[in-house]
Amino acid sequence: MAKNLLKAGHKLLVHDVVRASVEDVVAAGAASGTSSADVASRSSVIITMLPDGPDVETAVLGPGGVLEGAKKGAIVVDMSSISPMVSQKVGAACAAKGIEFVDAPVSGGEPKAIDGTLAIMCGGEAKSFEKVEAILKSMGSSVLLTGPVGAGNVTKLANQIMVAANIAAMGEALTLATRAGLDPEVVFNAVKGGLAGSTVLNAKAPMAIGRNFKPGFRIRLHQKDLRNALLAGESLKVPLPLTSLLQQMLISLMNEGKGDLDHSAIVNFIEDMAGIEVKKASAAQA
């Protein structure tokens, strides 16, 4: 994502606790900052992207964080996938210092991050969004304002519920087809052009059938997103029974040491119960 900003002609000053990540982007043309506060003090637009809410709070609100350095009138764009309640907390802290805030989580995984075609879901004031829209379009093919601060992450949580449910349903369907002696690849090709077809199916069925679980988006990160969805559901008094079940499936896979596999490995949960792997019929168990 940083490299796509550089390709679009933007000047970048970067900082990360993982030094190798900094060196990689610096080699592509960015300058290196010494801390989050240092980067913020020399930038009009500050973009953060971290694993979860506590990390965002540390990087933005903590010692040496963004708010220590950011000047009044700057804009913080947090592209992390976190709890919308945390986004609202960080947004309020920014506003108290005269700094604008937009939450802008993304969907599309590593492949779309690399080719600059992410879906970016934003929350914030319209005037703030308009200031950063062109920057975000350097990283995504779909950039939409979905509501006030926190709305971007509510939208991302909705996205993650639907993606997990799609993969789990795909796993059940293809495991059933394999047990029945069918070639799951043929079944996939037969249904993908119908109502069951989806971007999720097209991306994840070939991975499951090919037994390729190299992560584009890791199970442990999807588990984190569903945990945040359940917390949001509790806060808003919205029952999320399917999300709760999916969360338990992901925790089970993490306990099996599969947390760093691609989330297409949700299929493994169904396979383990059935005692069969989704693969070519000639190689499947009887």
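L50 and I120 end up in different hydrophobic clusters when Ile, Leu, Val, Met, Phe, Trp and Tyr side chains are linked at under 4.5 Å. Tracing side-chain contacts under 4.5 Å through hydrophobic residues (I, L, V, M, F, W, Y), one reaches M254 starting from L246; they form part of the same cluster. Grouping the Ile, Leu, Val, Met, Phe, Trp and Tyr side chains by contacts below 4.5 angstrom, directly or via other members, places L231 apart from L240. Hydrophobic clustering (ILVMFWY, side-chain heavy atoms < 4.5 Å, transitive): L6 and M1 are in one cluster. Residues L201 and L242 do not share a hydrophobic cluster, defined by chaining ILVMFWY side chains whose heavy atoms lie under 4.5 Å apart.
In this structure a side-chain-to-backbone donor-acceptor pair under 3.5 Å is present from K97 to L67. No donor-acceptor pair under 3.5 Å is formed between the side chain of S80 and the backbone N or O of P51. When atom types are taken as modelled, the side chain of S252 and the backbone of Q248 share no donor-acceptor pair closer than 3.5 angstrom. With hydrogens and angles disregarded, no donor-acceptor distance shorter than 3.5 Å links the side chain of R42 to the backbone of L13. The closest donor-acceptor contact from the side chain of D262 to the backbone of F217 lies under 3.5 Å. Of the possible donor and acceptor atoms, one in the side chain of R211 sits under 3.5 Å from a partner among the backbone N and O of V278. Remark: the backbone N or O of A151 is paired with a side-chain donor or acceptor of T155 at under 3.5 angstrom. When atom types are taken as modelled, the side chain of K156 and the backbone of V106 share a donor-acceptor pair closer than 3.5 angstrom. In this structure, N202 contributes its side chain and K192 its backbone to no donor-acceptor pair below 3.5 Å. At distances below 3.5 Å, not a single donor-acceptor pair connects side-chain atoms of D103 with backbone N or O atoms of D78.
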(message) Using the rule given for side-chain contact (heavy atoms from CB on, under 4.5 Å), can you reason through C94 versus E100, listing the C-alpha separation, both sets of side-chain angles and the distance that settles it, and then say yes or no?
(response) CA-CA 6 Å; C94 287; E100 297 176 61; over 6 Å; no
(message) Under the criterion side-chain contact (heavy atoms from CB on, under 4.5 Å), I'd like the reasoning laid out for V143 against F129: C-alpha separation, chi angles, the key distance, then a yes or no.
(response) CA-CA 10 Å; V143 180; F129 172 73; 3.8 Å; yes
(request) In sequence, state the C-alpha distance, the side-chain angles, and the governing distance for K279 and E185, and then conclude on salt bridge (Lys or Arg N to Asp or Glu O under 4.0 Å). (result) CA-CA 8 Å; K279 54 187 178 183; E185 188 170 25; over 6 Å; no
(request) Please assess L145 against E133 for the test side-chain contact (heavy atoms from CB on, under 4.5 Å), listing each intermediate value before the final yes or no. (result) CA-CA 9 Å; L145 180 66; E133 184 178 7; over 6 Å; no
(request) Evaluate the side-chain contact (heavy atoms from CB on, under 4.5 Å) criterion for residues L230 and R227: first the C-alpha distance (whole Å), next the side-chain angles of each, then the deciding distance (0.1 Å), finally the verdict. (result) CA-CA 5 Å; L230 290 168; R227 182 187 73 234; 5.7 Å; no
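Between D115 atom CG and N4 atom CG the span is 8.0 Å, to the nearest 0.5 Å. Once rounded to the nearest 0.5 Å, the distance linking CG of N228 with CD of Q247 reads 9.5 Å. How far CG of N166 is from OG1 of T199: 9.0 Å, rounded to the nearest 0.5 Å. Atom CG of L261 sits about 5.5 Å away from atom CD1 of I219, to the nearest 0.5 Å. Here CG of D38 is found 9.0 Å from NE2 of H15. Values are rounded to the nearest 0.5 Å. From H222, atom NE2 reaches atom OG of S81 across 10.0 Å, with rounding to the nearest 0.5 Å.
In terms of heavy atoms, V26 sits closest to S32 at CG2-CB, 3.9 Å. The shortest heavy-atom contact between A208 and M170 is CB-CE, 4.3 Å. The two residues P84 and L157 come nearest to each other via the heavy atoms CD-CD1, 3.6 Å. The two residues V60 and V90 have their closest heavy-atom pair at CG1-CG1, 3.8 Å. Between C122 and L136 the shortest heavy-atom distance is SG-CD1, 3.7 Å. Of all non-hydrogen atoms in V149 and G91, the two that sit nearest each other are CG1-CA, 4.5 Å.
The shortest distance between side-chain heavy atoms of T175 and I276 falls below 4.5 Å. Contact of the L5 side chain with the M139 side chain is registered, since non-hydrogen atoms from C-beta on lie closer than 4.5 Å. Counting heavy atoms from C-beta on, the side chains of Q223 and H263 never come closer than 4.5 Å. Using a 4.5 Å cut-off on side-chain heavy atoms (C-beta onward), V187 and L174 make contact. The shortest distance between side-chain heavy atoms of F101 and I75 does not fall below 4.5 Å. By the 4.5 Å heavy-atom criterion applied to side chains, K71 and S41 are counted as neighbours. Side chains of K204 and I266 form no contact here, defined as non-hydrogen atoms less than 4.5 Å apart. A 4.5 Å side-chain heavy-atom check between V132 and I47 finds every atom pair outside the cut-off.
Counting non-hydrogen atoms of other residues, nucleotides and ligands closer than 6.0 Å to CD of Q88 gives a total above 12. In this structure, E256 places its CD atom where more than 12 heavy-atom neighbours from other residues, nucleotides or ligands lie under 6.0 Å away. Within a 6.0 Å radius of NZ in K11, no more than 12 heavy atoms belonging to other residues, nucleotides or ligands are found. Under a cut-off of 6.0 angstrom, the local environment of NZ in K89 is sparse, with at most 12 non-hydrogen atoms contributed by other residues, nucleotides or ligands.
Ion pair R220/D52 not flagged as a salt bridge, since none of the NZ, NE, NH1 or NH2 atoms sits closer than 4.0 Å to an Asp/Glu carboxylate oxygen.
Residues S21 and D16 bring no donor and acceptor atom of their side chains to less than 3.5 Å of each other. Using modelled atom types, one finds a donor on one side chain and an acceptor on the other under 3.5 Å when comparing N153 with S87.
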